[in-house]
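Data first, discussion second: the structure below is written as structure tokens.
Only a predicted model underlies this, so the values are computations on that prediction, with no experimental measurement involved. Remember, it's 1-based here, ligands and their atoms both numbered in the order they're listed.
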Amino acid sequence: MRIAVLNGPNLNLLGQREPELYGRATLAEIEAMVRAAASPLQVEIEWFQTNHEGALVDAVQALRGRVDGAVINAAALTHTSLALRDALLAVRLPFVEVHLSNIFAREPERRHSLIADLAVGVVAGFGAESYRLALQALVGRLHASPA
Ligand code: CA2
């Protein structure tokens, strides 16, 4: 099984600022944690981060036929990007939306996701652990009902 983990704008800054919101782990440390969790599940991970909306749309379009599902932290694009929504609608791939922070307990503009209704589920508020929980839940779902 192959799972893509897609990360949006500014997540490359993790660990450097705002630890009270997003924790102290860097994105590289989160990647290592996800790869370690994926290995015993016999899941291969494709890891990607971009600060650019179009690059994230390109990455979503390129998922088709290559991976079984995706874990997606679209960062601020979660709340703004109809282009990302359209790309996810086009590829029709099972994905879990993930957030480090509990977006539902934050500013009003962060409480709405333009992609959540397309997701298998949403994991938010557990810091880096959100990624591992999302991976495990997605793999469980894919084993239960393969695409
Ligand atoms: O909680 C999450 O995972 C978010 O997707 C993180 C995004 C934010 O825009 C979403 O509303 C929720 C922010 C990405 C990280 O931004 C940083 C900014 C400064 C320093 C470190 C990270």
Side-chain angles (χ1 to χ4, degrees), residues 1-41 43-64 66-142:
M1 189 179 286
R2 280 182 82 79
I3 302 285
V5 184
L6 305 185
N7 296 281
N10 297 310
L11 286 163
N12 56 311
L13 298 178
L14 284 177
Q16 297 173 31
R17 289 168 41 200
E18 308 211 61
E20 63 292 341
L21 264 179
Y22 302 124
R24 296 197 178 277
T26 65
L27 195 60
E29 288 167 346
I30 297 174
E31 176 180 357
M33 187 255 275
V34 167
R35 289 189 185 281
S39 170
L41 302 173
V43 170
E44 280 184 50
I45 297 292
E46 276 189 22
W47 190 269
F48 180 71
Q49 189 273 331
T50 180
N51 289 328
H52 305 282
E53 181 175 12
L56 191 58
V57 168
D58 285 343
V60 168
Q61 288 185 12
L63 295 178
R64 199 176 201 154
R66 275 208 354 268
V67 299
D68 300 289
V71 170
I72 304 180
N73 186 350
L77 295 173
T78 304
H79 319 295
T80 63
S81 180
L82 269 179
L84 174 62
R85 178 183 176 82
D86 286 344
L88 289 165
L89 275 168
V91 299
R92 301 183 63 85
L93 193 80
F95 75 96
V96 173
E97 176 179 340
V98 63
H99 297 285
L100 299 153
S101 63
N102 180 359
I103 57 171
F104 306 105
R106 297 188 61 190
E107 311 97 293
E109 58 272 25
R110 290 188 204 274
R111 291 181 203 158
H112 185 249
S113 165
L114 287 173
I115 61 172
D117 61 307
L118 306 178
V120 173
V122 179
V123 182
F126 296 96
E129 183 73 359
S130 292
Y131 280 77
R132 201 173 54 78
L133 294 168
L135 174 73
Q136 288 173 341
L138 180 60
V139 170
R141 171 62 68 91
L142 290 172

Can you see which heavy atom on [X] is nearest to which on [Y], and at what distance?
X: Ala37; Y: Arg132; answer: CB-CG, 3.5 Å
X: Leu142; Y: Asp68; answer: CD2-O, 3.7 Å
X: Ala59; Y: Phe48; answer: CB-CE2, 3.5 Å
X: Phe95; Y: Leu118; answer: CE2-O, 3.4 Å

Between ligand 1 and the protein, find all N/O pairs closer than 3.5 Å and give the distance for each.
from	atom 1	to	atom 2	distance (Å)
ligand 1	1 (O)	Leu100	N	3.3
ligand 1	1 (O)	Ser101	N	2.8
ligand 1	1 (O)	Ser101	OG	2.5
ligand 1	3 (O)	Asn73	ND2	2.9
ligand 1	3 (O)	Leu100	N	2.7
ligand 1	5 (O)	Asn73	OD1	2.8
ligand 1	5 (O)	His99	ND1	2.9
ligand 1	9 (O)	Ala76	N	3.3
ligand 1	9 (O)	Arg110	NH1	2.9
ligand 1	11 (O)	His79	NE2	2.7
ligand 1	11 (O)	Arg110	NH1	2.9

Can you confirm whether more than 12 heavy atoms, excluding those of Arg66, are under 6.0 Å from its CZ atom?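 Enclosed.
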Does the side chain of Tyr22 come within less than 4.5 Å of Leu11's, by heavy atoms?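 A side-chain contact is absent here, since even the closest heavy-atom pair is not under 4.5 Å.
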